[in-house]
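Below is one structure, written out as structure tokens; the observations come after it.
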Amino acid sequence: MIYTSTRDKSVKVSASQAIAKGISADGGLFVPTEIPTLSLDDIKRIGTLDYIGRAKEILKLYLTDFTDEELSMCVEGAYKKGKFSSDKVAPLHKLTDSAEVLELWRGPTCAFKDMALQLLPYLLTVSAGKTLKDTKIVILVATSGDTGKAALEGFKDVPNTEILVFYPVDGVSPMQKLQMTTQEGNNVSVCAIKGNFDDAQSGVKAIFTNREIEEKFKHNNLAFSSANSINWGRLVPQIVYYVSAYCDMVNNGNVKLGEEINVVVPTGNFGNILAAYYAKEMGVPIKKLVCASNANNVLTDFLTTGTYDKNRAFYCTTSPSMDILISSNLERLLFILSGYDDKKTADLMAQLSSEGKYEVDAELIEKIKSSFAAGCCDDTATKATIKETFENSNYLIDTHTAVAVKVYEDYTGKTGDSTPTVIASTANPYKFSKSVLSAVSDEVKSTDEFSMVDELHEKTGEPVPAQLANLKGKTPRFTRVAEKAEMKQVVFDMLGISKSDINS
């Protein structure tokens, strides 16, 4: 399997090179030059395996320069018994007659990012051993909340790595912030920035593509990589759980092998739903991919009109992990559906950079609409959905999952589509205790985060994950707040090198 860049398809790298580099030197994202296929017989066979076995079967189709022994070590380390609170790793919960919730938050940080970020350190370590011998990997992460903690937890004390996470100072929940700023490990660092997630993400990309820094890093046996979903090593593990979910639906008798399902995904950066698109293109019988957005509905507008325009108001919502206006992984979809047209993709990304918007042609938007539907909901609807879901189904969901549930309800109401559906659930509700508590309780008595956790538990009976409860009373290790323009200096400070050393 060969990988190329969305902005220069003359680039040819292996899977391990794509994972180690994280992003192409031209600023493009690595994608496989072909999508492997699964027959219905393959899906039936994979369905007889446990999650670890399923992951091995899917990943080996993409990571062809990994030996079977290397892949087994990676997958078994990531998903071994005890790391996730369900033996199924990503179990389904029946919500209605036609909809099931895919619980992707059973990992150590209570968010769906664990599904990939428990595996990525293993993949990156193996990849670096193949392509970057005797080099320390410097991992830079921009987060809107969940990626940061999951990456920190996955990479803490991993030999020969350093990881630095940037998050928007006012753009994450109190629990998300506490998870990151109290992170243990000798190779980790966290910094807040004044701005939003898009500022953090563009700042990280600018550092990645700075040739002067890259050359100096090479001389010092340092190399950048990413744990964001711009890294193929983050995206490919997410394909697995959509294949696995279909297998479980067949095994549970909820669909017959070959019968189509819909998939609804709450997303801001487009990575989670793009993974479902890859599963669909591989042969998983997925009829429609429904993209769910909050008030920052740039993806809803694009998927329905063909115009992507980030020149709009930015909202800090109760579903902060989706508070994003620049959806990086959309670039991969544009590249694929344009027939791997690197020039067209590069031109669209240049327009986005210079003008803040672009418009795709009629042929491309029709291709997109054939696979995707989209909807959005604001905080008021999110709150009402949490309440209704708890009262009607006795099931507690977080603010991001609620966006997906509401968009699903709107979609079925508008289309009459009763296709069996998987709704991706991306976080444990206790990560957003204040918002969830105010949704299910008419009167909130608590004033601090952990009192709200206790009150939510008393109200719902939902168990509090120990990894969140144990944060109570912890003192933050990382308190630095920087301007976007200072992000490079923060990286230098973490590594103990001066800016003059870089510029010399």
Side-chain angles (χ1 to χ4, degrees), residues 101 104-105 109-113 143-149 167-180 192 195-198 200 264-269 272 291-300 312-325 327 375-391 395-410 423-453 455-457 459-460 462 464-465 468:
V101 172
L104 299 173
W105 41 262
T109 77
C110 301
F112 83 100
K113 306 298 175 74
T143 185
S144 55
D146 289 331
T147 290
K149 173 59 181 178
Y167 71 93
V169 64
D170 296 318
V172 300
S173 77
M175 189 67 80
Q176 288 175 312
K177 181 177 181 179
L178 195 58
Q179 281 188 295
M180 289 186 285
N196 57 40
F197 169 76
D198 293 324
V264 184
V265 185
T267 185
N269 219 13
N272 201 1
C291 179
S293 301
N294 61 19
N296 294 295
N297 60 349
V298 65
L299 282 170
T300 306
R312 61 180 66 209
F314 178 88
Y315 300 102
C316 291
T317 73
T318 57
S319 47
S321 296
M322 296 192 293
D323 290 349
I324 297 171
L325 293 180
S327 305
C376 59
C377 82
D378 61 16
D379 282 355
T380 300
T382 299
K383 183 176 181 179
T385 302
I386 294 171
K387 181 179 179 66
E388 290 166 7
T389 304
F390 181 67
E391 291 180 347
Y395 187 66
L396 192 64
I397 55 177
D398 84 296
T399 48
H400 304 76
T401 306
V403 169
V405 171
K406 173 60 176 169
V407 169
Y408 164 70
E409 292 170 348
D410 290 346
I423 301 173
S425 179
T426 56
N428 186 287
Y430 283 103
K431 293 199 75 166
F432 308 93
S433 294
K434 180 179 180 180
S435 297
V436 175
L437 177 60
S438 66
V440 299
S441 181
D442 294 330
E443 182 183 358
V444 176
K445 302 171 185 176
S446 306
T447 56
D448 68 271
E449 184 73 10
F450 287 97
S451 294
M452 290 178 187
V453 168
E455 190 174 343
L456 183 58
H457 173 66
K459 174 71 177 178
T460 65
E462 186 72 18
V464 182
L468 299 183

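- Annotation: salt bridge (Lys or Arg N to Asp or Glu O under 4.0 Å) contacts of Asp410 (sequence neighbours excluded): Lys406.
- Taking every heavy atom of both residues into account, Ser327 and Val298 meet most closely at OG-CG1, 4.4 Å.
- Considering OG1 of Thr401 and OH of Tyr395, their distance stands at 7.0 Å, rounded to 0.5 Å.
- With contacts defined as side-chain heavy-atom distances shorter than 4.5 Å, the pair Leu456/Glu462 does not qualify.
- When atom types are taken as modelled, the side chain of His400 and the backbone of Ser321 share a donor-acceptor pair closer than 3.5 angstrom.
- Within 6.0 Å of atom OH in Tyr315, 12 or fewer heavy atoms from other residues, nucleotides or ligands are found, so the atom counts as exposed in its surroundings.
- Take Phe450 and apply the ring-ring contact (aromatic ring centres under 6.0 Å, His included) test, not counting sequence neighbours, and it matches no residue.
- With hydrogens and angles ignored, the 3.5 Å screen pairs a side-chain donor or acceptor of Asn294 with a backbone N or O of Ser319.
- The NE2 atom of His457 lies 12.0 Å from the CG atom of Leu396; values are rounded to the nearest 0.5 Å.
- Taking the side chain as every heavy atom from C-beta outward, Gln179 and Leu468 approach each other to under 4.5 Å.
- Summarising the geometry, atom CE belonging to Met452 is positioned 9.0 Å from atom OG belonging to Ser435; distances are rounded to the nearest 0.5 Å.
- Every residue two or more places apart in sequence or in another chain was checked for a ring-ring contact (aromatic ring centres under 6.0 Å, His included) with Tyr430, and none qualifies.
- Counting heavy atoms from C-beta outward, Val453 and Met175 have side chains that approach closer than 4.5 Å.
- Looking at heavy atoms from C-beta onward, Lys387 lies in side-chain contact with Asp442 at the 4.5 angstrom threshold.
- A donor-acceptor pair shorter than 3.5 Å cannot be found between the side chains of Asp323 and Ser144.
- Residues Pro320 and Phe197 have side chains not in contact (no heavy-atom distance under 4.5 Å, counting atoms from C-beta outward).
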**OP:** Check step by step if side chain to side chain contact (heavy atoms under 4.5 Å, CB included) holds for Met322 and Thr317.
**Re:** CA-CA 8 Å; Met322 296 192 293; Thr317 73; over 6 Å; no

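- Side chains of Asp379 and Thr318: a donor on one and an acceptor on the other come within 3.5 Å.
- At a cut-off of 3.5 Å, with distance as the only test, no side-chain donor of Glu409 or Thr385 sits close to an acceptor on the other residue.
- To the nearest 0.5 Å, atom NZ of residue Lys177 and atom CG of residue Asp170 are 7.5 Å apart.
- Considering every non-hydrogen atom in both Met180 and Thr143, the closest pair reads SD-CG2, 3.8 Å.
- Annotation: side chain of Asp198 is in contact with side chain of Ile324 (closest heavy-atom distance under 4.5 Å).
- Here the side chains of Val444 and Glu455 are in contact, with some heavy-atom distance below 4.5 Å.
- Considering all non-hydrogen atoms of both residues, Thr300 and Cys376 come closest at OG1-CB, 3.6 Å.
- Considering all non-hydrogen atoms of both residues, Pro174 and Glu449 come closest at CB-OE1, 3.5 Å.
- Asp146 is linked by a salt bridge (Lys or Arg N to Asp or Glu O under 4.0 Å) to Lys431, counting only residues two or more places apart in sequence or in another chain.
- No donor-acceptor contact under 3.5 angstrom links the side chains of Ser446 and Ser451, judged on distance only.
- For the atom pair CG of Leu104 and CG of Asn428, the computed distance is 12.5 Å after rounding to the nearest 0.5 Å.
- Closest non-hydrogen pair, Asn296 versus Ala313, comes out as OD1-O, 4.0 Å.
- When the salt bridge (Lys or Arg N to Asp or Glu O under 4.0 Å) test is applied to Glu443, no partner is found at least two apart in sequence or on another chain.
- Under the rule for a salt bridge (Lys or Arg N to Asp or Glu O under 4.0 Å), Lys113 has no partner lying at least two apart in sequence or in another chain.
- Between Thr382 and Cys377, the closest side-chain pair of non-hydrogen atoms falls below 4.5 Å.
- Of all heavy-atom pairs spanning Thr267 and Asn272, the tightest one is OG1-N, 4.3 Å.
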